[in-house]
Amino acid sequence: MTNPPIAPQRPHQMEKHGDVRQDPFFWMRDREDPAVIDYLNEENAYTKETMAAQADLQETLFEEMKGRIKQDDSTLPYRLDKYYYYARFEEGQEYPLHCRKRESLEAEEQVMLDVNVMAKGQAFMQVAGLTLTPDHTLLAYAQDTVGRRIYTLKVKNLETGEILTDEIPNMTGNAVWAKDGKTLFYSKQDPETLRPYQIYRHTLGTDPAKDVLVYEEQDDTFRCYITKSKSKDYLFIVCDSTLSSEVRFLDAGNPTGDFQVIEPRGPKHEYGVEHFGDHFYILTNWEALNFRLMKTPITATEKSNWTEVIPHRTDVLLEDIEIFKEFLVLSERKGGLSQIQVRPWEGESYYLPFHDPTYLAWVDTNPSFDTEQLRYGYESLTMPETWYDFDMKTQSQVQLKQKEILGGFDAENYRSEWLHATAEDGVQIPISLVYHKDTPRDGSAPLLEYGYGAYGMSMDPYFSPARLSLLDRGFIFAIAHIRGGSELGRNWYDTGKMQYKKNSFKDFIACGEHLIQAGYTSKGKLFASGGSAGGLLMGAVMNMRPDLYTGVLAAVPFVDVISTMLDESIPLTTGEYDEWGNPNDAEAYSYIRSYSPYDNVSKQDYPNLLVTSGLHDSQVQYWEPTKWVAKLRTLYPKDKLLLLHTNMDAGHGGASGRFQPYRETALEYAFFLRLAGKA
């Protein structure tokens, strides 16, 4: 195969609000059509052939990335009641072993689940939702063997090793136990849209087909799931949409009781609940854009009874709380960076000190109430994940573990920076930057700019062992903290969504231009990448500024925005009207239509493009990137690469396992290195 595959075109017309769109590749939505699978296989073969000259490089990169991983590593154990729980990996194995030890880390190990054994004969395996009965004798867990996030729930007796007959198919992976250790609550999704919308109650030893439906979410813009308070005293059914939430509670010791609403849902009111003593603590954006903390008696949860614990702050986003017997710990974000504040119930509050110019800090697993120790994690663009136990009374800490990076890694060889670009409207956009200390900053280095900018998700400056393969070959890596995330508070999100969505695209372009103007790279050496909603970003930026980037990676890209948001049968659609707008409204339709990448493909001098996809993707359906590439092929410049790689055995997250995902990363890096003249 020397020429790219050309997909057949079949006439298909769509009309909305008087606007007529032609979609000759609409037929690709039928995954049962052999022609669809044939086309995907042809594209995969074409990509493999086109990148054949870099096949050895891909293998080198894969072995390099794999070689940095400590193969017999384990997670940091945490204590829950009488047991220490952790997961560990064995040499050469793709999947973890979930283990525990009783009373002491020197005790004999019990392997609860060996996922490697479970994965035998499976092209894909994911285990999620591990939850234990209060007496630690039974383990409920969920497994997905397709990658579509449709799980089967099973229960294992940890004393006998027996897998019980209580098998529940087609659930979400979300489950919790009541206090009696025999009642299990779990959520199920709509079989067509995959929206989690039902909560069931199962009693061990009974037929799952007779499980009791305790709640069903009727509003198709909401989803629901079940969780438990840190105190283990209360079960919560959480219902949420993009901009609204509602929580119901039930005494965990009374599993057959009725769930009660804490505060009825309201437009643009989001809240979450935790329990301590005689009160519920409520993290809420009620009259508080960046959220505040309230509390209310368990016996009187109406909003009229709420009292303020932490007030709203215009310059600080309150993201989460962790409650201890003597302390309240706040996870915050200020000036684009994460912070951890410790507030004794009696005494002065203080912040944990962090020193890198750009970093990520988070509160880790802290299941115990009655302790002075806070476990937290920290990493930066130059420092691997590191975990500490921090004494909240003495303000001293002990480093417990740092993720070991093999292959001669030395953090002193890398430098990070925190800088800003000026957007089209004058707003300052933060950029996190990392490079090898020997990489010149005179414009001669290639630079990869990454962005996301959606759902209020902040793209934190995390450490990546795989990324070292680019940095060591002279690449600079930058994260553009564009609007649509929450790096600078809730307003940062609000001004990068709905009718302001184009701010995300313009911010990313402004960051790219600034990185050239500031001399970090130069025209012809600037590259871009983004995945999922960040793939939408890539598609929109390519249409707006096809000249700016030499090469682009769009991973599982959300690019057919209008068609998807008009199709309520597609997973996630109805729940995302508050993110993108509802195109059934003419004004929203017109705005989305103006940037939707698929609908704005034109004959331009586009950059080189690599698109990745998963056949079983439940979030961005495989046909979106497939149709996009097929349409681009009809107009693409002949001297530019246009490649599509579809993982035929995976979903949104790509290949399962510990090492196999690096195969796809190796392809992506080889693509960039080839274009940068370093392959």
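If you read the sequence from its start, that first residue is 1, and numbering goes on from there.
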J.: What pairs of residues pass the side chain to side chain donor-acceptor pair (under 3.5 Å) test when at least one of them lies in residues 667-679, not counting sequence neighbours?
T.: Q54-R674

J.: Between F390 and Y376, how do the two ring planes meet: parallel, tilted or perpendicular, split at 30° and 60°?
T.: perpendicular

J.: Using the test side chain to side chain contact (heavy atoms under 4.5 Å, CB included), find all partners of Q399 that sit at least two apart in sequence or belong to another chain.
T.: T386, Y388, Q402

J.: Side chains of L536 and P557, heavy atoms from C-beta outward: is any pair under 4.5 Å?
T.: no

J.: Compare every heavy atom of Y591 with every heavy atom of M498, then report the nearest pair and how far apart it is.
T.: O-CE2, 3.1 Å

J.: Picking from L470, T521, L433, what satisfies side chain to side chain contact (heavy atoms under 4.5 Å, CB included) with I476?
T.: L433

J.: Please report the shortest heavy-atom distance between C511 and I429, naming the atom on each side.
T.: SG-CG2, 3.6 Å

J.: What is the minimum heavy-atom distance between G496 and S504, and which atoms define it?
T.: O-OG, 3.3 Å

J.: Answer yes or no: is there an ion pair linking E64 with R473, defined by an N-O contact shorter than 4.0 Å?
T.: yes

J.: From the options L317, D315, N285, select the one residue that forms a side chain to side chain contact (heavy atoms under 4.5 Å, CB included) with N290.
T.: L317

J.: What I want to check is whether the side chains of E624 and T564 have a donor and an acceptor closer together than 3.5 Å.
T.: yes

J.: Does the separation of the ring centres of F558 and W580 fall below 6.0 angstrom?
T.: yes

J.: Got Q71 and Q93 here, is their nearest side-chain heavy-atom distance under 4.5 Å?
T.: no

J.: Just by distance, no angles: are the side chains of D442 and S444 close enough, under 3.5 Å, to form a donor-acceptor pair?
T.: yes

J.: Taking atom NZ of K502 as the centre, report whether more than 12 heavy atoms of other residues, nucleotides or ligands fall under 6.0 Å from it.
T.: yes

J.: Are D547 and K523 within salt-bridge range, i.e. N to O under 4.0 Å?
T.: yes

J.: Parallel, tilted or perpendicular: which describes the rings of W362 and W387, with under 30° parallel and over 60° perpendicular?
T.: perpendicular

J.: Do the ring centers of Y598 and W623 come within less than 6.0 Å of each other?
T.: no

J.: With distance as the sole criterion, is a donor-acceptor pair present between the side chains of Y462 and E379 under 3.5 Å?
T.: no

J.: Using side-chain heavy atoms (C-beta onward) and a distance below 4.5 Å, is E487 in contact with I482?
T.: no

J.: In terms of side-chain geometry, is the basic nitrogen of D438 or R415 positioned less than 4.0 Å from the acidic oxygen of its partner?
T.: no

J.: Assess whether a salt bridge exists between K640 and D605, defined as any Lys/Arg side-chain N lying under 4.0 Å from an Asp/Glu carboxylate O.
T.: yes

J.: Charged N to carboxylate O below 4.0 Å: is that the case for D472 and R467?
T.: no

J.: Taking atom NZ as the centre, does K334 end up with more than 12 heavy-atom neighbours from other residues, nucleotides or ligands that are less than 6.0 angstrom away?
T.: no

J.: Can the ring centroids of Y435 and Y414 be said to lie less than 6.0 angstrom from one another?
T.: no

J.: Would L468 and H436 count as a side-chain contact (heavy atoms from CB on, under 4.5 Å) here? Give the steps.
T.: CA-CA 9 Å; L468 299 174; H436 193 281; over 6 Å; no

J.: Is E404 salt-bridged to R68, going by a charged N under 4.0 Å from an acidic O?
T.: no

J.: List for me each residue that meets side chain to side chain contact (heavy atoms under 4.5 Å, CB included) alongside D72, sequence neighbours excluded, and say none if there are none.
T.: K70

J.: Quick check, are the ring centers of Y662 and F62 under 6.0 angstrom apart?
T.: no

J.: Please report the closest heavy-atom contact between M565 and G581, naming both atoms and the distance.
T.: CE-O, 4.0 Å

J.: Taking the side chain as every heavy atom from C-beta outward, state whether D320 and E332 have any pair of such atoms under 4.5 Å apart.
T.: no

J.: Run the salt-bridge test on K437 and E412 with the 4.0 Å N-O cut-off and return the result as yes or no.
T.: no

J.: Below 4.5 Å, heavy atoms only, C-beta onward: do T550 and L526 meet side chain to side chain?
T.: no

J.: Contact between T358 and S380 at the side-chain level, heavy atoms closer than 4.5 Å - yes or no?
T.: no

J.: Heavy atoms only: give me the nearest V559-S596 pair and the separation to one decimal.
T.: O-OG, 3.4 Å

J.: Would you indicate whether the side-chain heavy atoms of Y622 and S613 approach each other to under 4.5 Å?
T.: yes

J.: For the side chain of K497 and the backbone of D578, is there at least one donor-acceptor N/O pair under 3.5 Å apart?
T.: yes

J.: Would you say N647's side chain and G614's backbone share a donor-acceptor pair under 3.5 angstrom?
T.: no

J.: Look only at the side chain of Y95 and the backbone of Q126, and say whether a donor-acceptor pair between them is shorter than 3.5 Å.
T.: no

J.: Please confirm whether the backbone N or O of L644 pairs with a side-chain atom of T47, one donor and one acceptor, at under 3.5 Å?
T.: yes

J.: R441: what forms a salt bridge (Lys or Arg N to Asp or Glu O under 4.0 Å) with it, not counting sequence neighbours?
T.: none

J.: With rounding to the nearest 0.5 angstrom, report the CD1 to CG distance, I69 to L406.
T.: 9.0 Å

J.: Are Y378 and F354, when compared by the centres of their aromatic rings, separated by less than 6.0 Å?
T.: yes

J.: Under the side-chain contact (heavy atoms from CB on, under 4.5 Å) rule, what do F463 and M383 come out as? Steps first, then yes or no, please.
T.: CA-CA 6 Å; F463 183 85; M383 178 179 173; 5.6 Å; no

J.: Is there a donor in the side chain of K525 and an acceptor in the side chain of S522, or the other way round, less than 3.5 Å apart?
T.: no

J.: Could you list the donor-acceptor pairs under 3.5 angstrom formed between side-chain atoms of residues 512-519 and any protein atom two or more places apart in sequence or on another chain?
T.:
residue: E513; atom: OE2; partner: R545; partner atom: NH1; Å: 2.5
residue: H514; atom: NE2; partner: H420; partner atom: O; Å: 3.2

J.: List in chain and number order the residues that pass side chain to side chain contact (heavy atoms under 4.5 Å, CB included) with T495, two or more places apart in sequence or in another chain; answer none if no residue qualifies.
T.: R483, N491, N503

J.: I'd like to know whether H481 forms a side chain to side chain donor-acceptor pair (under 3.5 Å) with S458, so could you lay out the CA-CA distance, the side-chain angles of the two residues, the decisive distance to 0.1 Å, and finally the verdict.
T.: CA-CA 7 Å; H481 301 287; S458 298; over 6 Å; no

J.: Are E43 and Y39 close enough, and set up right, to give a side chain to side chain donor-acceptor pair (under 3.5 Å), and what steps lead you there?
T.: CA-CA 6 Å; E43 284 285 3; Y39 176 72; 2.6 Å; yes

J.: Will you find, in the side chains of Y455 and E576, an N or O donor that is under 3.5 Å from an N or O acceptor?
T.: yes

J.: Between F508 and Y549, does the ring centroid distance fall short of 6.0 Å?
T.: yes

J.: Identify the heavy atoms of Y493 and G484 that sit nearest to each other, and give their distance.
T.: CD1-O, 3.2 Å

J.: Begin with the C-alpha distance, continue with both residues' side-chain angles, and end with the deciding distance and a verdict on side-chain contact (heavy atoms from CB on, under 4.5 Å) for Q58 and R663.
T.: CA-CA 8 Å; Q58 290 182 55; R663 292 280 182 195; over 6 Å; no

J.: Could you give me the CA-CA distance, side-chain angles and deciding distance for Y589 and I562, then say whether side-chain contact (heavy atoms from CB on, under 4.5 Å) is met?
T.: CA-CA 7 Å; Y589 176 94; I562 281 285; 3.8 Å; yes

J.: With side chains defined as the heavy atoms from C-beta onward, is the minimum distance between F475 and F527 less than 4.5 Å?
T.: yes

J.: Verify the distance criterion only: is there a donor paired with an acceptor across the side chains of Q428 and T422 at less than 3.5 Å?
T.: yes

J.: So, does R313 use its side chain to make a donor-acceptor pair with the main chain of F291 at under 3.5 Å?
T.: no

